[in-house]
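Below is one structure, written out as structure tokens; comments come after it.
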2 protein chains.
Amino acid sequence: MASDQTRSAILAAAERLYADRGFGDVTLRDIVAEANVNLAAVNYHFGSKDELIAELFVTRSIQTNRERLNELRAAEENGGGRASIEDIMRALVGPTLRGCLGPDREGSTAARFMIRASIESVPPIRRIKNREVDHLRKFAAAMRRAMPASSDTELYWGLHFALAMAHHTIREKERLLRLSEGKCDLDDVRGIIDRVVTVSVMALTMGDVPSKPAPRTVAMHGRLTRQDL
Amino acid sequence: MASDQTRSAILAAAERLYADRGFGDVTLRDIVAEANVNLAAVNYHFGSKDELIAELFVTRSIQTNRERLNELRAAEENGGGRASIEDIMRALVGPTLRGCLGPDREGSTAARFMIRASIESVPPIRRIKNREVDHLRKFAAAMRRAMPASSDTELYWGLHFALAMAHHTIREKERLLRLSEGKCDLDDVRGIIDRVVTVSVMALTMGDVPSKPAPRTVAMHGRLTRQDL
DNA sequence: TTGCATTTCAAACATTTGTATGAAACTATC
DNA sequence: GATAGTTTCATACAAATGTTTGAAATGCAA
């Protein structure tokens, strides 16, 4: 118990190295060298390399999920028990996008680690991801409350597409930057979140919209407003 | 030259094994065993394991790109030199989605291989993907012709989101299936393509939607279960 | 056939990797 | 301060893996 510091040194070093160089290029020996601890310490404290990775990922996942749910709850309380679909989507994609694209992304090893985890998808992480469906159900439930007229199918597709845009933006931001030759400003996180939320809401309200979806007057901070609309 | 058959046997076996078990779990020894060739044959014919993987991926990528461009060109010829934005998006996401979600997906090792490549993203493949921006420019150009009023920024974001939805659907189809408890029909490839195209076009046109709804209402079976991590 | 290039083969190589071991150092409790 | 439990350490282990090697086999032209 006394020497929690070895444990945390390993965790910190591992997260940093994985974030910087990816899972494929980092060995236990790299980690213990970075952490200034003995090689055997990893197996002593974590059991195995995979369990170390799993602990890293679970910790960060819980953290992200908590942020998401906090935002969702805040939106629901704000709306007297029911959040708007827009706020729900914002709570879903906001924390991740802010964490991984935010201005502190250079310093935030946590965010960079999660990006790596999203890109490389090593076995222990995949195993966890597959069990991560549960907390999405909370969002599905909130969405159902916000759009009682929509079918579950539409709802899940909307949820799915929202995550698609958020994650793909994180995963492929380099490529988008190169493709657009810098024209897509990936530092404007608020603008990106607005963009993803707007499209998500449109995707959700298109199919079975009883009333007109009322041209999105979402607060658009970026250069989103333009000629069309 | 005589023994191209060893080369192709290796390619076929490798693609099959990678498709089935992923890059992480398949060794050169597995491949040569499956191909009934000698271990050294891989290095003799391909130089290294990475070059073998690269060749597999490049071959399939070229194939997909060709399909995309064919579809794009067909749409342009059909429209007298200019394709509608809708057809452009369809040409962009159609081939991939059909290939990876299509009914022959059980038999098509090629498609399953590309899914793996998309999920696991091993170094030699990543290197290639990063140089794959060029042919997307052809789509950007077509989009520009179809929507001359739109800014390049909007255009690239639309392109990006379209790919996001397509790829994420392929990557996470298992999870979506589980999350939606089967309510999202992932065998209805045409419906999925319509969905992605519709949302993409909406994202590009920001509101003025050409009516193109295709909501599939599925009878509700099963109930959601709650559970926390 | 002879000769030359290409291809195949079995075996070995060289590393890298995660993990296990057993002793030593440390810590806390009595 | 002795003892039991915990943690650290150097080292060894075992297995896997991509790659190389040099000889044997094969194909092919003169």
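Protein chains get the first letters and strands the later ones, always in sequence-line order, with residue 1 at the start of each.
In this structure B:Arg144 satisfies the salt bridge (charged side-chain N to carboxylate O under 4.0 Å, His left out) test together with B:Asp152, sequence neighbours excluded. With sequence neighbours excluded, no residue satisfies ring pair (Phe, Tyr, Trp, His ring centres under 6.0 Å) with A:Phe46. The ring pair (Phe, Tyr, Trp, His ring centres under 6.0 Å) test applied to B:Phe139 returns no partner, not counting sequence neighbours.
In this structure, A:Phe46 atom CZ and C:dA20 atom C1' are separated by 18 Å, rounded to whole Å. The distance from atom CD of B:Gln5 to atom C1' of C:dT6 is 14 Å, rounded to the nearest whole Å. In this structure, CG of B:Asp4 is placed 14 Å from C1' of D:dG27, rounded to the nearest angstrom. Computed from coordinates, the A:Ile10 CD1 to C:dT19 P distance equals 13 Å when rounded to whole Å. In this structure, CZ of A:Arg7 is placed 13 Å from C1' of D:dT7, rounded to the nearest angstrom.
Under 4.0 angstrom from either OP1 or OP2 of C:dT8 there lies at least one side-chain N or O belonging to B:Thr6. Between B:His45 and C:dT8 there is a side-chain polar atom (N or O) within less than 4.0 angstrom of OP1 or OP2.
Counting only residues at least two apart or on different chains, the salt bridge (Lys or Arg N to Asp or Glu O under 4.0 Å) pairs with a member in residues 30-42 of chain A are A:Arg16-A:Glu34, A:Arg21-A:Asp30. Residue pairs meeting the ring-ring contact (aromatic ring centres under 6.0 Å, His included) criterion with at least one member in residues 7-27 of chain B, sequence neighbours excluded: B:Tyr18-B:Phe23, B:Phe23-B:Phe113.
Contact check on A:Glu67 versus A:Arg98 returns no salt bridge, with no Lys/Arg side-chain nitrogen under 4.0 Å from an Asp/Glu carboxylate oxygen.
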Original post:
Quick one: what's the B/S/- string for nucleotides 17-22 of chain D, heavy-atom cutoff under 4.0 Å, read 5' to 3'?
Top reply: BBBBB-

